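Below is one structure, written out as structure tokens; comments come after it.
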Protein chains: 2
Amino acid sequence: MDDLTEMLKGTLEGCVLEIIGGEETYGYAITRRLNELGFADVVEGTVYTILLRLERNGLVQVTKRPSEVGPPRKFYALNDAGREQLATFWAKWQYVSSRIDRLKEGGR
Amino acid sequence: MDDLTEMLKGTLEGCVLEIIGGEETYGYAITRRLNELGFADVVEGTVYTILLRLERNGLVQVTKRPSEVGPPRKFYALNDAGREQLATFWAKWQYVSSRIDRLKEGGR
DNA sequence: TAGCGGTACCAAGTGGTACGAGGTACCAGG
DNA sequence: CCTGGTACCTCGTACCACTTGGTACCGCTA
């Protein structure tokens, strides 16, 4: 599937939030996870900008831990604000996707 | 529902394409239609920029017709390239929305 | 021990898209 | 004549995913 980037705007951040909500994890692993999930073209640079934004907006708690196979990892976990933001994201997604699906099924 | 603008990026153009595909129509009416459909905050300026883009990209055929209740209207209809683009849009939407729904339903 | 591939992070700049604000103009009714 | 509805457009802004390029840690192997 080619070039989904425009369609991912506004949703990719929510996806990252959901992944972090599932378990405490770090940027490199999140990228791999997204690729697994079918977002094949999402690259590290993109994920890191999202993570920095989440941190800047106070939605995550960050913990640095050493790794045995490479440089130290920055683990991200949702805080209360993050969980709230995630709920809002899913509400918006539900709203938007249902309207679009309705439009697809012939309008009214 | 508040501020869906980021989530609409990349999908709004497809929605406009779908509306035009349903029947030949014009900018002002498309805006009203989107508002009806639940995209309440979409304003005329947004729709016009999309319509200009569609025209520039050669996806629509444009016909100007006088109106009895105001200034002349610019009617838009899909051409072959437009119909193809619309099909591509729905394929992408299907792809993206299914992956996101899967992520929502606990991952794998 | 030098180099390579995998792991892991970050920064600066680009391009596309929706939106805000404002302007023009046609028309009917009070 | 003036207001409100209809109908079009333009310019600037903000935001987001992406591109490109860089740093650095680690284990393996030639």
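By convention in this document, chain letters (A, B, ...) are assigned in the order of the sequence lines, proteins followed by strands, and residues within each chain are numbered from 1. Everything quoted here is computed from the prediction, not taken from an experiment.
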- In whole angstrom, what separates B/Leu4's CG from C/dT17's P? 19 Å

- Message: Just N and O in the side chain of B/Lys74: are any of them under 4.0 Å from OP1 or OP2 of D/dC9?
- Response: yes

- Message: Rounding to an integer number of Å, can you tell me how far A/Leu54 CG sits from C/dC9 C1'?
- Response: 16 Å

- Query: Can you tell me if CD on A/Gln61 sees more than 12 non-hydrogen neighbours from other groups inside 6.0 Å?
  - Reply: no

- Message: Expressed as a whole number of angstroms, how long is the span from A/Leu17:CG to D/dC16:P?
- Response: 12 Å

- Item | Contact state string [nucleotides 25-30 of chain D, B base, S sugar-phosphate only, - no protein heavy atom under 4.0 Å] | BS----

- Query: Counting side-chain heavy atoms from CB outward, which of D/dC11, C/dT17, D/dC15 is closest to A/Glu6?
  - Reply: C/dT17

- Phosphate contact (C/dT17 OP1 or OP2) by B/Arg53 side-chain N/O below 4.0 Å: yes

- Note on the structure: In numerical order, the residues of residues 79-97 of chain B whose heavy atoms come under 4.0 Å of DNA chain D are none

- Using heavy atoms and a sub-4.0 Å distance, could you list which residues of residues 41-48 of chain A are near DNA chain C? By number, please. A/Glu44, A/Tyr48

- Task: Quick one: pull up CG in A/Leu51 and CD in A/Glu13 and give me the separation to the nearest 0.5 Å.
- Result: 10.0 Å

- Given side chains that start at C-beta, do those of A/Leu37 and A/Ile19 come closer than 4.5 Å, heavy atoms only? yes

- Task: Output the distance between atom OG1 (B/Thr11) and atom CZ (A/Arg99), rounded to the nearest 0.5 Å.
- Result: 13.5 Å

- Query: Measuring from A/Leu59:CG to A/Ile20:CD1, what's the distance to the nearest 0.5 Å?
  - Reply: 9.0 Å

- Query: Okay, side chain of B/Lys92, backbone of A/Asp3: is any donor-acceptor separation there less than 3.5 Å?
  - Reply: yes

- Message: What is the separation between atom CG on A/Leu8 and atom C1' on D/dC15, rounded to the nearest whole Å?
- Response: 15 Å

- Message: Tell me whether B/Val69 shares a hydrophobic cluster with B/Tyr28, the cluster being built from Ile, Leu, Val, Met, Phe, Trp, Tyr side chains joined at under 4.5 Å.
- Response: no

- Task: Ignoring backbone atoms, establish whether A/Lys9 has a side-chain N or O less than 4.0 Å from OP1 or OP2 of D/dC18.
- Result: no

- Task: For DNA chain C, find the residues of residues 22-31 of chain A with a heavy-atom distance under 4.0 Å and give them by number; none if there aren't any.
- Result: A/Tyr26, A/Gly27, A/Tyr28

- To the nearest angstrom, how far is A/Leu12 atom CG from D/dA17 atom P? 5 Å

- Query: 5'-most contact on DNA chain D: B/Arg32 or B/Glu55, nearest heavy atom basis?
  - Reply: B/Arg32

Give the table of side-chain donor-acceptor pairs shorter than 3.5 Å for residues 70-77 of chain A, with sequence neighbours excluded, one pair per line with atom names and distance.
residue, atom, partner, partner atom, Å
A/Arg73, NE, A/Tyr26, OH, 3.3
A/Arg73, NH2, A/Tyr26, OH, 3.3

- Taken to the nearest 0.5 Å, the spacing of B/Gln85 CD from B/Asn79 CG works out to 10.5 Å

- Task: Could you tell me the separation between the CD1 atom of B/Ile30 and the OG1 atom of B/Thr25, rounded to the nearest 0.5 Å?
- Result: 5.0 Å

- Looking at CE of A/Met7 and CG of A/Leu12, how far apart are the two atoms once the value is rounded to the nearest 0.5 Å? 13.5 Å

- Query: Could you give the CG-to-C1' distance, from A/Leu51 to C/dA11, as a whole number of Å?
  - Reply: 15 Å

- Message: How many whole angstroms separate atom NZ of B/Lys64 from atom P of D/dT6?
- Response: 19 Å

- Spell out, yes or no, whether A/Leu52 and A/Val43 are grouped together once hydrophobic residues are joined by side-chain heavy atoms under 4.5 Å, including indirect joins. no

- Query: Any ion pair linking B/Asp80 and B/Arg83 (charged N to carboxylate O, less than 4.0 Å)?
  - Reply: yes

- Query: Can you list every pair that meets ring-ring contact (aromatic ring centres under 6.0 Å, His included) and has a residue in residues 36-72 of chain A, with sequence neighbours left out?
  - Reply: none

- Query: Separation of B/Phe39 atom CZ from C/dT17 atom P, in whole Å?
  - Reply: 17 Å

